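Note that the coordinates shown come from a computational prediction; the quantities given were computed from them, not determined experimentally. Numbers here simply count residues along the sequence, with the first being 1.
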Amino acid sequence: SRNRGSLAGILTFGAPGRFPDVEALPGRPSEFVLEDAKEALSKARETEGLTNVLAAESFACVVNCMIITIIDLASSTLKEEDKITVDALNVVLDFMDHAASLYDAIADGVVITPVTYSGSLGNKKLEQMFTKFASVSLGGMDLSAQERVDTLQQVFKISDKKAEGLIQKVMMKNLMKMMKDGGEGLEGMEGMPGMEEMMAAMGGGEGMGGLGGLGGGDVSPEELKQSVEMMKQLLDSGQVSKEELDLIRQQFKDANGMDLTDLIKATEGMGTDELGDDGKELLDLFKKVLDE
C-alpha cells in the first residue's frame, strides 16, 4: 500500500545503505526531517482511511520485515572481530530508535506488542550475537549501554535467565584472560553486572593468590562472603552446564597454571583454622559445583 511504501522509505534513514532498493524508490525524500516525515506519514494514513489500530499493525509489519533483513545481515559478521558485529547490531538498535520516533504519527495512543525477530536464524546465532554485543558494550557504568543490551535481548527473545548466564560466561572468560595478563584491563569493568562478585571470588583480579582467600591472598571478609554468595547463587540457578564447567576449568587453568581440581586437592585437609569459615564454605561450594 502507499502507506507502507511511504513508511518503508522513511524508515531506511534509520539504517543507511541497508535497503538500497527501497532507497531508490521514487517519492522518497532526499533527506530526513522528523516533523516533515511525521506529516507525510500522517497524510498517507488519512488518505487510505486507516484507523489507528490498523495503522499500528501496518507499522509493526513493515518494521518487523526490515528488522529481519538487518539482523540477518548482522549475523554474517559473526566470524569477524567483535567490533564489526557490534557495529552491525548498533545499526539494528539505531533503526529501532528511528522507528520509535515515528510511531506517534502512525498510531498515537495504540499499544502494540514489542517487535521481535521472527526470521530464520536459530537461537544459537542470536545468542552469539547477543553475547558479542553485551561483552563489548557492558564495560562501564553507561546506563544507555545497558538499555541497548536489554533492548537487543528483547528483540532476540532471550529470557532473563539465559541472558544472565551468557553475560556471566563472557565475564568469566574476560576475567580469566585479564588475570593471566596480571590484572591489566580490569579497570573500568567494575560496573558490569556481577563483576564485583566475580572479582571478589577470583581475588580482586590479583591472580591465583587471592582465589576466595583459599590461596592466601589479601581478600576482605566482605569480599569472601560475596564469593560464597555468588557460588551459592550459581548452584541455585542450575544454569551452569557441563560444557560451561569444562570451559571455566580450562580458562582457570590457562590463567593460573592450576586446575580447579588441583586447587581442591591442595587444600584437602585444611580446616577453618587455615581457611576461615567463609573460605571453608567456599571450598565446599567449589567441590559441589565441580562435583568433586
Side-chain angles (χ1 to χ4, degrees), residues 1-77 84-123 125-126 129-130 133 137 142-158:
S1 71
R2 181 179 302 175
N3 183 61
R4 290 190 178 187
S6 298
L7 175 60
I10 291 172
L11 284 172
T12 60
F13 286 100
R18 294 300 198 269
F19 305 96
D21 292 342
V22 180
E23 290 178 15
L25 292 175
R28 177 182 179 269
S30 58
E31 61 179 358
F32 179 75
V33 178
L34 181 59
E35 291 308 315
D36 291 347
K38 286 184 175 183
E39 184 178 353
L41 291 173
S42 181
K43 285 182 178 179
R45 185 196 68 187
E46 291 171 4
T47 298
E48 294 199 12
L50 295 178
T51 63
N52 278 8
V53 172
L54 287 175
E57 291 175 356
S58 178
F59 177 89
C61 181
V62 174
V63 171
N64 186 58
C65 290
M66 296 179 79
I67 277 180
I68 290 173
T69 297
I70 50 180
I71 289 176
D72 287 352
L73 283 171
S75 73
S76 68
T77 69
I84 296 176
T85 302
V86 170
D87 287 346
L89 291 172
N90 271 319
V91 170
V92 174
L93 294 167
D94 289 345
F95 174 84
M96 294 191 67
D97 287 343
H98 176 70
S101 73
L102 298 166
Y103 183 70
D104 61 346
I106 301 290
D108 189 23
V110 178
V111 178
I112 59 174
T113 302
V115 174
T116 56
Y117 178 78
S118 57
S120 60
L121 294 177
N123 289 338
K125 284 194 173 182
L126 295 176
M129 286 192 285
F130 174 79
F133 188 81
S137 300
D142 186 352
L143 294 179
S144 64
Q146 180 64 60
E147 289 172 1
R148 287 170 81 82
V149 170
D150 292 344
T151 299
L152 194 65
Q153 176 190 338
Q154 184 181 67
V155 173
F156 286 172
K157 295 181 287 190
I158 298 174

*Please test I71 against L126 for side chain to side chain contact (heavy atoms under 4.5 Å, CB included), starting from the C-alpha separation and ending with a verdict.*
CA-CA 9 Å; I71 289 176; L126 295 176; 4.3 Å; yes
*Does the side chain to side chain contact (heavy atoms under 4.5 Å, CB included) test come out yes or no for L102 and L34, once each step is laid out?*
CA-CA 8 Å; L102 298 166; L34 181 59; 3.9 Å; yes
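The list of side-chain hydrogen bond (donor to acceptor under 3.5 Å, both in side chains) pairs with a residue in residues 9-28, not counting sequence neighbours, reads T12-R28. Residue pairs meeting the salt bridge (Lys or Arg N to Asp or Glu O under 4.0 Å) criterion with at least one partner in residues 85-94, sequence neighbours excluded, are K83-D87, D94-R148.
The side chain to side chain contact (heavy atoms under 4.5 Å, CB included) test applied to Q154 returns P114, not counting sequence neighbours. Residues satisfying the side-chain hydrogen bond (donor to acceptor under 3.5 Å, both in side chains) test with S42, not counting sequence neighbours, are none. In terms of the salt bridge (charged side-chain N to carboxylate O under 4.0 Å, His left out) criterion, residue partners of D104 (sequence neighbours excluded) are, by chain and number, K38. For the salt bridge (charged side-chain N to carboxylate O under 4.0 Å, His left out) test, no residue two or more places apart in sequence or in another chain qualifies with D72. Take F13 and apply the ring pair (Phe, Tyr, Trp, His ring centres under 6.0 Å) test, not counting sequence neighbours, and it matches F32. Every residue meeting the side-chain hydrogen bond (donor to acceptor under 3.5 Å, both in side chains) condition with K43, not counting sequence neighbours, appears here in chain and number order: E39. Remark: V86 engages N90, F133, V136 in a side chain to side chain contact (heavy atoms under 4.5 Å, CB included) (not counting sequence neighbours). Take S76 and apply the side chain to side chain contact (heavy atoms under 4.5 Å, CB included) test, not counting sequence neighbours, and it matches no residue. Scored by the side-chain hydrogen bond (donor to acceptor under 3.5 Å, both in side chains) test, T85 finds T77, K132 as partners (sequence neighbours excluded). Residues passing the salt bridge (charged side-chain N to carboxylate O under 4.0 Å, His left out) test with D150, sequence neighbours excluded: none.
Closest heavy-atom contact between M66 and F19: O-CZ, 3.4 Å. Looking at every heavy atom in both residues, N52 comes nearest to A107 through O-CB, 3.2 Å. Nearest heavy-atom pair across V91 and A15 is CG1-CB, 3.8 Å. Nearest heavy atoms, V149 versus S137: CG2-CB, 4.0 Å. Heavy atoms only, all atoms of each residue included: S6 and L41 are closest at C-CD2, 4.0 Å. Nearest approach of I68 to S118, heavy atoms of both residues: CD1-OG, 3.6 Å.
Using modelled atom types, one side-chain atom of T151 and one backbone atom of E147 make a donor-acceptor pair closer than 3.5 Å. Formation of a donor-acceptor pair under 3.5 Å by the Y103 side chain with backbone atoms of A56 is not found in this model.
In this pair, F156 and Y117 present their aromatic rings perpendicular. The plane angle is above 60°, beyond the 30 to 60° band.
Within the 4.5 Å cutoff, no side-chain heavy atoms of D36 are placed close to those of P29.
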